[in-house]
> 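Sharing a structure here in structure tokens format.
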Amino acid sequence: MATSLTEKHILFVGASPEEIASPKSMRLPLTESQSFYDYIVAVDGGANWCRKYHVKLDAFIGDGDTLKKGTMRWIRRTASEIILCNPHKDDTDFSLALKTFLSRYSTTSCAVDCIGVLGGKLEHLLGVLGVLQRVCTQYPYFRFSLKGVSQTVRILSHPGNECVEIVKEYLANVGDDFSVVPLTRCLISESGCEWNLQRKMLLPLADRGISNRVKTKDARISVQKGVALAFFSHE
């Protein structure tokens, strides 16, 4: 998918233990983020990382329960917008961040990257994926990616970001493995792969698309119905 010249780039920074265990992997996307992203949002403890690597925030949202000593003072000095939440809330900090800020760009083409959200407690990750499954169909102009230490996860949905051209989008090379897992009932096609699919209906969390392999430079995955996750490793 070509990047539009008018597309806005938004970064959400969380505090997953996966990145905490690998600070070098966290530092790279953060130190490069300032010049690339139009809008940077720290989700609660993600502000600790932004402070550590001197990344200026456009916004902070959270209840502050995972902030290190001194981070809130730093947030008040540097963030353009601060939204403090009651810790006794129904939504997660990540859900509130998406609801608050994505609605402002509802008619704008946006590439939304999330770092610091993979790994950690399984229930937290499932919650993140559930939130994205709901919002990606509400905001068809948004392209969502989760970037972790060892994987990039692209959210594919119809309507919305229906197709990924694997090699052209620098997600994998010929010979690399990848997986596709449906989050909802999905109609999926895959071409240029070791095992191709032609408008195959898959049920939620079906394992049919796990451990496939890129065979050609024009390999692609497309979703004609539903929401699916495409996993690409970069160890």
Side-chain angles (χ1 to χ4, degrees), residues 1-12 18-19 22 24-26 28-29 31-33 35-38 108-115 117-119 129 132-133 136-137 139-235:
M1 178 179 293
T3 301
S4 167
L5 293 176
T6 59
E7 185 178 60
K8 288 190 176 294
H9 294 84
I10 301 176
L11 178 67
F12 285 81
E18 183 186 20
E19 278 74 22
S22 184
K24 289 184 179 180
S25 298
M26 191 66 164
L28 181 60
T31 54
E32 293 179 345
S33 65
S35 59
F36 180 75
Y37 290 99
D38 300 297
T108 304
S109 179
C110 293
V112 183
D113 289 341
C114 305
I115 62 174
V117 298
L118 295 175
L129 297 177
L132 290 173
Q133 179 264 312
C136 68
T137 54
Y139 300 98
Y141 297 111
F142 290 6
R143 180 162 53 95
F144 292 97
S145 293
L146 310 181
K147 298 180 181 292
V149 172
S150 59
Q151 281 187 319
T152 292
V153 182
R154 180 69 62 83
I155 313 295
L156 300 179
S157 66
H158 176 83
N161 183 40
E162 303 172 19
C163 177
V164 58
E165 298 183 43
I166 299 172
V167 177
K168 291 181 180 179
E169 296 184 41
Y170 305 103
L171 292 166
N173 298 310
V174 173
D176 289 349
D177 293 338
F178 72 94
S179 294
V180 175
V181 177
L183 280 180
T184 66
R185 187 179 177 89
C186 274
L187 196 63
I188 296 177
S189 296
E190 296 176 355
S191 60
C193 307
E194 184 77 38
W195 295 277
N196 293 316
L197 296 174
Q198 182 60 36
R199 294 180 63 83
K200 179 69 175 179
M201 182 63 74
L202 299 179
L203 297 178
L205 302 183
D207 61 357
R208 177 72 180 270
I210 291 177
S211 295
N212 206 337
R213 183 170 295 114
V214 181
K215 294 293 287 185
T216 67
K217 290 184 178 180
D218 60 352
R220 59 192 284 139
I221 308 162
S222 59
V223 172
Q224 291 85 36
K225 179 181 180 180
V227 181
L229 307 172
F231 294 83
F232 304 95
S233 298
H234 44 78
E235 295 179 292

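In this text, all values refer to a predicted model and were calculated from it rather than measured experimentally. Residue numbers start at 1 and run along the sequence shown.
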> What are the two closest non-hydrogen atoms of V164 and R154, and how far apart are they?
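Answer, listing the atom of V164 first, then R154: CG2-NH1, 4.0 Å.
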> With sequence neighbours left out, write down each residue that passes side chain to side chain donor-acceptor pair (under 3.5 Å) with N173, or none if nothing qualifies.
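Listed in chain order: nothing, the list is empty.
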> Check whether any side-chain heavy atom of T152 sits under 4.5 Å from a side-chain heavy atom of L171, and report yes or no.
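Touching, per the 4.5 Å side-chain cut-off.
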> Enter the distance from C163:SG to L156:CG here, rounded to the nearest 0.5 Å.
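So the SG of C163 and the CG of L156 are separated by 8.0 Å.
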> Only counting residues at least two apart or in another chain, list the ones meeting side-chain contact (heavy atoms from CB on, under 4.5 Å) with Q133.
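Testing Q133 for side-chain contact (heavy atoms from CB on, under 4.5 Å), a comparison that skips the adjacent residues, returns L183, T184, V227.
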> Quick one: CD1 on I188 to CZ on R199, what's the gap to the nearest 0.5 Å?
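Reported value, rounded in 0.5 Å steps: 12.0 Å.
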> Could you measure the distance from the NZ atom of K225 to the CZ atom of R185? Nearest 0.5 Å is fine.
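Those atoms lie 6.0 Å apart.
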> Are any side-chain N or O atoms of E162 and backbone N or O atoms of H158, one a donor and one an acceptor, separated by less than 3.5 Å?
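Here the side-chain-to-backbone pair does not exist.
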> Listed by chain and number, what are the side chain to side chain donor-acceptor pair (under 3.5 Å) partners of S189, not counting sequence neighbours?
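Checked S189 against side chain to side chain donor-acceptor pair (under 3.5 Å); matches are Q224.
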> Evaluate the side-chain proximity of I10 to D38: yes if any heavy-atom separation is below 4.5 Å, no if none is.
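Contact flag for D38/I10 side chains = no.
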> Under a 4.5 Å cut-off applied to non-hydrogen side-chain atoms, are L197 and R208 in contact?
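When only atoms from C-beta onward are counted, R208 and L197 do touch, with a gap below 4.5 Å.
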> When you compare the side chain of F12 with that of V112, does any pair of heavy atoms fall below 4.5 Å?
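Answer yes - side chains close enough.
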> Can you sort out the partners of K200 under salt bridge (charged side-chain N to carboxylate O under 4.0 Å, His left out), two or more places apart, ordered by chain and number?
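Salt bridge (charged side-chain N to carboxylate O under 4.0 Å, His left out) check on K200 returns nothing, list empty.
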> List the atom of A206, the atom of L202, and the distance in Å for their closest heavy-atom pair.
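What the structure gives for the nearest pair is CB-CB, 4.2 Å.
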> State which residues pass salt bridge (charged side-chain N to carboxylate O under 4.0 Å, His left out) with D177; sequence neighbours excluded, sorted by chain then number.
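Partners of D177 under the salt bridge (charged side-chain N to carboxylate O under 4.0 Å, His left out) test: R213.
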> Does a side-chain heavy-atom distance below 4.5 Å link R143 with E7?
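In contact.
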> For a 4.5 angstrom cut-off between non-hydrogen side-chain atoms, does K168 reach K217?
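No. Closest side-chain heavy atoms not under 4.5 Å.
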> What's the shortest heavy-atom distance between F178 and C193, and which atoms?
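Smallest interatomic distance, heavy atoms only, reads CZ-SG, 3.6 Å.
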> Measure across E190 and I221 and return the closest heavy-atom pair with its distance rounded to 0.1 Å.
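Reported closest heavy-atom pair: CG-CG2, 4.1 Å.
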> Can you measure from OG1 (T137) to CG (N161) and round to the nearest 0.5 angstrom?
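Result: 13.0 Å between the selected atoms.
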> Can you give me the closest heavy-atom contact between G192 and A219, atom names plus distance?
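Nearest pair, atom of G192 first, then A219: O-CB, 3.3 Å.
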> Among side-chain atoms of R220 and S191, is any donor-acceptor pair under 3.5 angstrom?
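No - no donor-acceptor pair under 3.5 Å links their side chains.
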> How close do P159 and S157 get, counting heavy atoms only, and between which atoms?
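So the two residues come closest at O-OG, 3.3 Å.
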> Does the side chain of L187 come within less than 4.5 Å of V223's, by heavy atoms?
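Answer no - side chains too far apart.
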> Could you work out, with side-chain contact (heavy atoms from CB on, under 4.5 Å) as the rule, every residue matching A172, not counting sequence neighbours?
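For A172 the side-chain contact (heavy atoms from CB on, under 4.5 Å) partners, ignoring immediate neighbours, are I166, D176, V214, F232.
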> My understanding is that only residues two or more places apart in sequence, or in another chain, count here; which of them pass side-chain contact (heavy atoms from CB on, under 4.5 Å) with F231?
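Partners of F231 under the side-chain contact (heavy atoms from CB on, under 4.5 Å) test: Q151, V153, S179, V181, L229.
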> Can you classify the ring geometry of Y37 versus H9 as parallel (below 30°), tilted (30 to 60°) or perpendicular (above 60°)?
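Perpendicular, since the angle between the ring planes exceeds 60°.
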> Given side chain to side chain contact (heavy atoms under 4.5 Å, CB included), test L146 with L132 step by step and report yes or no.
CA-CA 10 Å; L146 310 181; L132 290 173; 3.5 Å; yes
> For Y139, give me all partners under ring pair (Phe, Tyr, Trp, His ring centres under 6.0 Å), at least two apart in sequence or on another chain.
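For Y139 the ring pair (Phe, Tyr, Trp, His ring centres under 6.0 Å) partners, ignoring immediate neighbours, are F142.
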